[in-house]
Amino acid sequence: MNVATRPALLDVARIREDFPILTQKIRGKDLVFLDSAASAQKPRAVIDAMRLAMETQYANVHRGLHWMSERTTEAYEAARDAVALLLNAADRHEIVFVRNSTEAINLVAHSYGRGVMRRGDAVLISGMEHHSNIVPWQLLRDSHGIELRVCPVTDAGELDMERFEALLADGRVRLVAITHMSNVLGTYTPAERIVQLAHARGAKVLFDGSQAVVHRRVDVQALGCDFYAFTGHKLYGPTGIGALWARRELLDEMPPFLGGGEMISSVTYEQSTWAAVPHKFEAGTPAIIEGIGLKAAVDYVLAVGYEAIAAHEQSLTDHALARLSAIEGVRILGRAQDRGGVVSFALDRAHAHDVATLLDRQGIAVRAGHHCAEPLMRRFGLESTARASFAIYTTHEEIDALAEGLEKVREFFA
Amino acid sequence: MAAAPPAPDAFEGLRDLYQDVILDHGRRPRHAGKPETFDASAKGDNPMCGDRVQVFVRFAPDGTIGETRFDARGCAISVASADLMAETVAGRTPADARALFAAFREMARTGTCPACDAALAEPLERLAPLSGVHEYPSRVKCATLPWHALVAALDGAKEATSE
Ligand SMILES: Cc1ncc(COP(=O)(O)O)c(C=O)c1O
């Protein structure tokens, strides 16, 4: 590879020191962790923030009048500010904490779908969605008489924009719900163009940013979208916390999702009134410690800087595509122009599960399966693939190890 | 970049799970393919990984299992397991085949079967190369799926019920 393309900005060795788990040995070998798209490892800063909160200032939030509760509430609400900064939200009240992307999308399907959409309206998704951006809309379709449309994916693994326009043409699509980056193909969807076309036809736009926000700066105001969902555990944060960003006026208009404590203004047996956004959508005791951990993760990512992260991961991806495509019998899924650090591949002689297990025997962790995207797998005529995915702490040497490991698997099955 | 040919021990750590028997039967199964006629058949499905197998059984006049064939889409372990199953259940009564499955399942889950009947020692030895899957709980099902389908077929069901 061209050494000049290596980013000078990211000191990977330095970064790796921040992730305690990376010193683990697997079967006596150095861990080569290439499954960060499923869930990323956690930096010391996140681990420490969560432990410190539990050791020094833990209580429930928004309800105690005592010192502990006040401090915990401050720390938890600071996470909202951090996420607002991360996404460049205009208003911190537009950040709704949820458990993960799946819950964020279900929240929109429930509150916007059932609350605002009418029978005969359509939701448009794409052929490269994660199941979490398919099934909530199917449930809405079946319970609420919504039509579900699917924009096809080209052989290159990109959105078919001609079909996309055509599917919007009758003006019945109320919501476009599409991934910002595919967890299988690595494809970035053309977000600005999607928003432009959708808005011109009166449709709102939700992006599933589960993968994209890990690799690129996301600016919801610049994108012009209406909803943005992401999950904390892929962004080096803990599990159990994610966020939905939505335009204030949409959140104001939408009915609540879950009912209970925290989300009310007042309750009588006859009637209850709702708290202001975002609390209207945050019923029950939230994931307090996880919120504090997410703030530490966001701070960490912003301190490293998206420019350095994006450059590093682009260089890793180019290197991986070059190394893997040089291996006989390897088929890489998708060749999108604009793609990030996720590479799915099939080996002609070996099933993806055998590939993953044989790589694991060599200390290399990849994912194998349908990656919660069965329709997309079928689109490419496969049941499963192996997938290597890259993170801030991934090295070029680890990709070399993958390539060498795969050569060995290929020989093994020869 | 051209890889140098691997050294003889290059596959160390791979062979213990994927022994020659598994590679051989995984690649060249002897009992694959839907037969023209059969007496019972059932499908097994592993939705977690997309593996699918259909097992076809023909009974001998005395009620024992005559011939078992299968149609599988899956990894080397599931295909090899289906093939070795077909081999080891031939000539057994359905009750015997069930007992063998119970013993094999124990072996796939734990790596050994201390309580196993001495009468099953011979077929279990034949199936032993598959016992390495116990290290991979998520792959135990690859080895047991064909057996679930076989037992479903013996029960007269069309579909194996997942564990
Ligand atoms: C593109 C995409 N969307 C949604 C999800 C769901 O994330 P979670 O399981 O955290 O809700 C994932 C990850 O699994 C993903 O990759």
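Computation of the quantities below employed the complete heavy-atom set of this structure, encompassing side-chain atoms and omitting hydrogens, waters and symmetry-equivalent molecules. In what follows, chains are A, B, ... by sequence order, proteins preceding strands, each numbered from 1.
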Proximity breakdown for A/A414 and chain B, heavy-atom pairs closer than 4.5 Å
backbone

Please check if atom NZ in B/K34 has more than 12 non-hydrogen atoms from other residues, nucleotides or ligands closer than 6.0 Å.
no

Judged by atom type as modelled, is there a donor-acceptor pair below 3.5 Å linking the side chain of A/R361 to the main-chain atoms of B/R15?
no

Do other residues, nucleotides or ligands put more than 12 heavy atoms under 6.0 Å from the CD atom of B/E159?
yes

Taking heavy atoms only and a threshold strictly under 4.5 Å, list by residue number the residues of residues 70-86 of chain B that touch chain A; give 'none' if the list is empty.
B/R73, B/G74, B/C75, B/A76, B/I77

Show me the donor-acceptor pairs, under 3.5 Å and distance only, between side chains in residues 93-103 of chain B and residues at least two apart or in other chains.
residue	atom	partner	partner atom	Å
B/T93	OG1	B/D96	N	3.1
B/R98	NH2	B/D155	OD1	2.3

Taking side chain as everything from C-beta outward and backbone as N, CA, C, O, which of these in A/H370 sits under 4.5 Å from a heavy atom of chain B? Side chain, backbone, both or neither.
side chain

In this structure, CG of A/D354 is separated from CG of B/L14 (nearest 0.5 Å) by 11.5 Å

Please say whether more than 12 non-hydrogen atoms of neighbouring residues, nucleotides or ligands are located less than 6.0 Å from CZ in A/R379.
yes

When only heavy atoms count and the cut-off is under 4.5 Å, which of residues 129-137 of chain B reach chain A?
B/E135, B/Y136

When rounded to the nearest 0.5 angstrom, what is the spacing between NE2 in A/H353 and CG in B/D51?
6.5 Å

Among residues 131-141 of chain A, which ones touch chain B with a heavy-atom distance under 4.5 Å?
none

Identify which part of A/R27 has an atom lying under 4.5 Å from any heavy atom of chain B, answering side chain, backbone, both or neither.
side chain

